[in-house]
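Notes for the one structure printed next.
Computed from a prediction, not measured in an experiment: that's the story for all the values here. Ligands are counted one by one from 1 in listed order, and the atoms in each one are counted from 1 as well.
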Amino acid sequence: MKTCFISHLSRFSKGRKTSLKITALCGLLTVLFSPNAIAEGKLTVYCSVQNVTCEKVTQHFAEKYNVETQFVRNSTGTILGKIKSEKSNPQADVWYGGTLEPHLQAADQGLLESYRSPLQKDIMPRFNQLMQQRGDFISIIYLMELGIGVNTEKLAKLGIPEPKCFKDLLDPAFKDQIQYADPRVSGTGYSFLTTLIELFGEQQAFDYLKKLHNNVAQYSKSGLATGNLATGEVAVDISFMHGYVREQEKGSPVKGILPCEGIGYTLGATSIIKGARNLDNAKLFVDYLLSPEAQEIPWREADSYQLPTNIHAQPAPKASDPTKLKFIDIDFIRFGSNEESKRLLEKWFEATKADN
Ligand code: PLP
């Protein structure tokens, strides 16, 4: 059986964009005689997790089920745009990962195929209500908490004390030292927006973002672009905490801080694209992503420490313990509405225009 993996990874640094468009691996695998091989055919995955996780998970799935699997990786908002523009001629079957809200917005726009996986029964009970409300189109497969990432060496060099709160980042000392992801293309950026709205109320959240804009060096295209923080190109990044653990592990002087105002979070999701040509394999893939086996691959094989949602999956030893974190409430139904997200993203664009 043949597996072919196509990756598209973009990295962004101050004032310029470096883009890697690579065919990562395309080879013959000898799994034809695997005792697990029960399915066949093809599957195309739009993937919004880390590139290496996309690679490992699709590879395991291909081997296990004897399905010719390829993936294309991009950030959550970008994939949503792609699915929308391909509505009349879908180019992929299933969407793996990325933040929940854009998946909900896709459902809201009629871009998804209905599928309620039987494995939803193993999702953490705290999300039962959400799954009852939206589980006919979406399954949640991991959890990530939002924090402030700092480069401790860069802060020391600049003589700036470590921030403890989002509000500390408004200090003019941080001018041109902060990056966060553009919420129009990045699920992380949108999650920052929803967190601020839940913490401060909408008016104050946008007042805050307008002021923060004065200190922002760049809006990255993905919350996964933590490399600029690691190298000290910026001193501060706002994204999910597990990314900072990974940078630390690689030896960078990076530290994640949970903001004093409260801990925002989002859920990683998966959904099937309407008009999927390989519908049965797409369903099989969603079931696979909900399994403990697939949910442990990110930390076992890809140094990625998002928290599994399956109660039987073992979390990474380095992952934060969700029972010890007090998350704020996020109204996913509100922020997953297509109309509401359009309104908020336009408001964000106004608040961060160059001439503010
Ligand atoms: N999924 C995982 C596992 C992530 O770590 C992140 C961001 O850090 C995202 C999804 C969201 O990515 P993006 O901001 O590119 O939409």
Side-chain angles (χ1 to χ4, degrees), residues 7-12 17 19-20 45-58 71-83 95-106 138-149 179-195 218-230 237-247 249 254 256 264-271 289 294-309 313 315-316 318-320 335-336 341 345 348:
S7 71
H8 178 189
L9 174 67
S10 297
R11 285 181 298 154
F12 296 83
K17 168 183 161 185
S19 186
L20 286 173
V45 180
Y46 277 166
C47 190
S48 297
V49 295
Q50 303 86 346
N51 197 58
V52 58
T53 309
C54 301
E55 220 169 274
K56 297 281 181 193
V57 169
T58 53
F71 76 85
V72 176
R73 147 96 209 140
N74 227 313
S75 51
T76 324
T78 302
I79 293 288
L80 173 62
K82 246 172 122 48
I83 294 172
W95 186 5
Y96 167 27
T99 54
L100 172 65
E101 297 89 329
H103 284 260
L104 293 172
Q105 291 152 21
I138 284 137
S139 291
I140 53 173
I141 50 176
Y142 57 88
L143 183 152
M144 308 181 287
E145 71 275 22
L146 192 79
I148 302 169
Q179 80 164 14
Y180 74 88
D182 182 335
R184 293 169 304 170
V185 293
S186 155
T188 312
Y190 192 71
S191 193
F192 179 41
L193 194 59
T194 61
T195 296
Q218 63 205 0
Y219 295 101
S220 56
K221 294 283 185 262
S222 168
L224 290 159
T226 48
N228 300 332
L229 179 72
D237 174 77
I238 301 159
S239 184
F240 298 112
M241 292 290 280
H242 71 96
Y244 306 134
V245 178
R246 186 183 200 198
E247 291 296 354
E249 225 182 23
V254 163
Y265 74 101
T266 195
L267 297 156
T270 182
S271 55
L289 293 180
Q295 291 195 8
E296 291 175 15
I297 292 173
W299 69 266
R300 289 194 189 277
E301 298 185 33
D303 301 326
S304 300
Y305 308 122
Q306 53 266 38
L307 270 162
T309 52
K318 288 173 191 135
S320 34
F335 298 117
S341 74
L345 291 174
W348 177 84

Which of these, Y142, Y244, Y190, F240, has its nearest heavy atom closest to atom 1 (N) of ligand 1?
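It is Y142 that holds the nearest heavy atom.
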Given T266, L267, T188, which one has a non-hydrogen atom that is nearest to atom 12 (O) of ligand 1?
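Going through T266, L267, T188 one by one, T188 has the nearest heavy atom to atom 12 (O) of ligand 1.
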Nearest protein heavy atom with distance in Å, relative to [atom]:
{"atom": "atom 5 (O) of ligand 1", "result": "H242 NE2, 2.8 Å"}
{"atom": "atom 3 (C) of ligand 1", "result": "Q306 NE2, 3.4 Å"}
{"atom": "atom 4 (C) of ligand 1", "result": "M144 SD, 3.4 Å"}
{"atom": "atom 15 (O) of ligand 1", "result": "S222 OG, 2.6 Å"}

What's the spacing between L224 CG and R73 CZ if we round to 0.5 Å?
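So the CG of L224 and the CZ of R73 are separated by 5.0 Å.
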Quick one: OH on Y265 to OG1 on T194, what's the gap to the nearest 0.5 Å?
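One gets 10.0 Å once the value is rounded to the nearest 0.5 Å.
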Please confirm whether G98 approaches ligand 1 to less than 4.0 Å, judged on its heavy atoms.
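Yes; G98 lies near enough to ligand 1 that a heavy-atom distance drops under 4.0 Å.
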Is A181 near ligand 1, meaning one of its heavy atoms is under 4.0 Å from it?
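The answer is no, since A181 has no heavy atom less than 4.0 Å from ligand 1.
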[X] side chain near [Y] side chain, heavy-atom distance below 4.5 Å:
{"X": "W95", "Y": "S48", "result": "yes"}
{"X": "R184", "Y": "W348", "result": "yes"}
{"X": "V49", "Y": "Y96", "result": "yes"}

[X] N/O to ligand 1 N/O under 3.5 Å:
{"X": "T76", "result": "yes"}
{"X": "G189", "result": "no"}
{"X": "T99", "result": "no"}
{"X": "S186", "result": "yes"}
{"X": "G223", "result": "yes"}

What verdict does the side chain to side chain contact (heavy atoms under 4.5 Å, CB included) test give for L80 and Q105, after you've listed the backbone C-alpha separation in whole Å, the side-chain angles of each residue and the deciding distance to 0.1 Å?
CA-CA 8 Å; L80 173 62; Q105 291 152 21; 3.5 Å; yes
For residues S320 and E145, is any side-chain donor paired with an opposing acceptor at under 3.5 Å?
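Yes, because at least one side-chain N or O of S320 sits under 3.5 Å from a partner of the opposite role on E145.
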Could you list the atoms of ligand 1 found under 4.0 angstrom from a heavy atom of [X]?
{"X": "Q50", "answer": "3 (C), 5 (O)"}
{"X": "G187", "answer": "13 (P), 14 (O), 16 (O)"}
{"X": "S75", "answer": "13 (P), 15 (O), 16 (O)"}
{"X": "S48", "answer": "1 (N), 10 (C)"}

Could you go step by step and tell me if Y180 and Y219 meet the ring-ring contact (aromatic ring centres under 6.0 Å, His included) rule?
CA-CA 5 Å; Y180 74 88; Y219 295 101; 5.1 Å; yes
As a quick check of understanding, evaluate side chain to side chain contact (heavy atoms under 4.5 Å, CB included) for T266 and F240, giving each step before the final call.
CA-CA 9 Å; T266 195; F240 298 112; 3.5 Å; yes
Shortest non-hydrogen separation from A269 to I138 and the atoms involved
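Smallest heavy-atom distance, with atoms named: CB-CG2, 3.9 Å.
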So, applying side-chain hydrogen bond (donor to acceptor under 3.5 Å, both in side chains) with Y305, which one of R246, H242, E249 is it?
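Answer after filtering R246, H242, E249: E249.
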